[in-house]
Number of protein chains: 2
Amino acid sequence: MTPSRAVRQHVTEERIVEAALALIHDEPMGSFTLAKLAKRLRISAPTIYSHVPNKQYIIERVRSRVVAEIDCSAFERLPWDEALAEWARSYANAFVKHPETIPLLTTNPVQAPELVRQYEIIATALQEAGWPPHEIVAVFTVVESFVMGSVLDLVAPVQMVQPADGEEYPVLRSLVGEADTLRAQHTFELGIESMIDGLRARLVRVAVRPI
Amino acid sequence: MTPSRAVRQHVTEERIVEAALALIHDEPMGSFTLAKLAKRLRISAPTIYSHVPNKQYIIERVRSRVVAEIDCSAFERLPWDEALAEWARSYANAFVKHPETIPLLTTNPVQAPELVRQYEIIATALQEAGWPPHEIVAVFTVVESFVMGSVLDLVAPVQMVQPADGEEYPVLRSLVGEADTLRAQHTFELGIESMIDGLRARLVRVAVRPI
DNA sequence: ACCTGAACACCGTTCAAGT
DNA sequence: ACCTGAACACCGTTCAAGT
């Protein structure tokens, strides 16, 4: 569709957000700058302001893009517990695919309407599963919290369990293997399975008779 | 000990970190500045650099203060599951007491040696409880992830489940009560109980014979 | 209508100069 | 040794001026 030779295209909000996502992805964490964004778009920094109100707005649009990748269709075809686990995996995956956005996203308040739309679907499914109304928001909130915390942990340049000293923390030292992504994924799985398992047990205790 | 009249005291790293904690607490989120810190200490901004290498270092020391409040003594007197829940509560509480520090802490990598010291204690307790070695780090990591995610959620100026439109999201709308701290605390409790419950069930399946 | 350069008020940080 | 003012390279943002 676009000619192979680079042609100066119209600058639009769309293209700004796209370039922002690319820039955040390329550059090291926390160095997302309007000056760099402008250079990438081949315009001057002030020009950005003729298409977009400010930097916060751009960040919010980037967040929307990431959140839009979260898939909650599992609730249409699976029981609530399996669907919740699938949703959690999709949620984590969306952020892990854009790890550089996470610091930005935790600093700025969340307001993505895409997510609220999903809450409605999930709430309905949980209600139909027999969860008492006053616990429904709590149930998907705790799953979401675990996902966000895991994502933070996943992208953190942690090294936290690698003390330099030879003698200290013998137990810990003997347990820590390679801190690769595979281990992180295994940890996430252990967590989400346990949490859903606990929730399943709770529902048995607190369930209102299913409709 | 100190005279009641304000006497210009020696500027030390200690006092800088203390002032930083106070400043972060007073000022709105994300406006922690060396200029403001200097003014509060009644010195010029460059003077800070004769006591401390840079801003990151100050932030790291502030984090250490917060982390130092986390109490893992429960492992000395309670079974692993109850102790893990107590630790999680103490962990969350330390950060909730300084909510303004959370954005700073998630942006910067974690390197608090205070926490690693606790990992060693926890790992030992989990080992004695019969957890297989290759799952021990995962177990306290998932709890930690849930805590961090919850804390983010707790301090976020969320409003996320309050759509303006009158007709949209009927189920969700009917479930959302007042978004007060009490509800957040209840949510955290539901989460930590469920997670620990799931972990307890898992241990039954995977336990090596206890020593 | 869209874009620009110059300018503003701020950052964190360096450094020569003062005591 | 400790502290300072001036300066540097950067921010995000505004605005009058150009096309």
Side-chain angles (χ1 to χ4, degrees), chain A residues 2 6-64 100-101 103-109 111, chain B residues 2 6-64 100-101 103-109 111:
Chain A
T2 43
V7 171
R8 178 67 123 68
Q9 298 207 253
H10 270 134
V11 178
T12 58
E13 181 182 304
E14 177 78 7
R15 295 199 66 222
I16 288 175
V17 174
E18 209 152 319
L21 193 54
L23 178 60
I24 291 172
H25 185 262
D26 289 358
E27 217 87 3
M29 192 188 102
S31 67
F32 170 53
T33 271
L34 293 194
K36 286 181 191 168
L37 182 59
K39 183 178 268 184
R40 194 173 268 246
L41 288 163
R42 295 230 182 96
I43 56 177
S44 72
T47 300
I48 293 174
Y49 286 84
S50 19
H51 299 96
V52 130
N54 52 40
K55 192 186 181 184
Q56 282 251 354
Y57 179 85
I58 300 175
I59 291 175
E60 206 147 294
R61 292 304 317 273
V62 169
R63 188 208 321 275
S64 289
E100 307 78 6
T101 66
L104 292 178
L105 304 184
T106 57
T107 314
N108 295 43
Q111 271 165 337
Chain B
T2 44
V7 171
R8 176 67 122 67
Q9 298 206 254
H10 269 134
V11 179
T12 59
E13 182 182 303
E14 178 77 7
R15 295 199 66 221
I16 288 175
V17 174
E18 210 152 318
L21 192 55
L23 178 59
I24 291 172
H25 185 261
D26 289 357
E27 218 87 5
M29 190 189 102
S31 68
F32 169 54
T33 272
L34 292 195
K36 285 181 192 167
L37 182 59
K39 182 178 267 182
R40 193 172 268 246
L41 289 163
R42 296 232 182 92
I43 56 177
S44 71
T47 300
I48 293 174
Y49 286 84
S50 21
H51 299 97
V52 129
N54 52 39
K55 191 186 181 183
Q56 283 251 353
Y57 179 85
I58 300 176
I59 292 176
E60 208 148 290
R61 293 303 319 270
V62 169
R63 189 209 319 276
S64 288
E100 307 79 6
T101 66
L104 292 179
L105 304 184
T106 57
T107 314
N108 295 43
Q111 272 164 337

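Throughout, a chain's letter reflects where its sequence line sits, starting with A, and its residues are numbered from 1.
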Checking N1-N3 plus N6-O4 or O6-N4 for Watson-Crick, or N1-O2 and O6-N3 for wobble, each under 3.5 Å, the partner of dC10(D) is none
Has Ser44(B) got a side-chain N or O lying under 4.0 Å from the OP1 or OP2 atom of dC3(D)?
no
Letter by letter from the 5' end, nucleotides 12-19 of chain D scores (B base, S sugar-phosphate only, - none; protein heavy atoms under 4.0 Å) SBBB----
For Ala38(A) and Ser44(A) the tightest heavy-atom approach is CB-C, 3.7 Å
Nearest heavy-atom contact between Arg40(B) and Ala19(B) is CD-O, 4.0 Å
For the pair Val62(A) and Phe32(A), evaluate side-chain contact (heavy atoms from CB on, under 4.5 Å) and give the outcome as yes or no after the intermediate values. CA-CA 12 Å; Val62(A) 169; Phe32(A) 170 53; 6.0 Å; no
When rounded to whole Å, the CZ to C1' distance for the pair Arg42(A) and dC2(C) reads 18 Å
Answer for the Watson-Crick or wobble partner of dA16(C), both distances under 3.5 Å, is dT4(D)
Taken to the nearest whole Å, CD1/Ile48(B) to C1'/dG5(D) is 15 Å
Rounded to whole Å, CD1 of Ile59(A) lies from C1' of dC11(D) at a distance of 13 Å
ask   = Would you say a side-chain N or O of His10(B) is under 4.0 Å from OP1 or OP2 of dA1(D)?
value = no
Using modelled atom types and a 3.5 Å cut-off, is there a donor and acceptor pairing between side-chain atoms of His51(B) and backbone atoms of Ile16(B)?
no
For Thr47(B) and dT4(D), is the shortest distance between a side-chain N/O and OP1 or OP2 below 4.0 Å?
yes
Q) Between Leu37(A) and Ile58(A), is a side-chain contact (heavy atoms from CB on, under 4.5 Å) present by the stated rule, with each step listed? A) CA-CA 11 Å; Leu37(A) 182 59; Ile58(A) 300 175; 3.9 Å; yes
All heavy atoms of Thr47(B) vs all of Ser50(B), minimum pair found to be O-OG, 2.5 Å
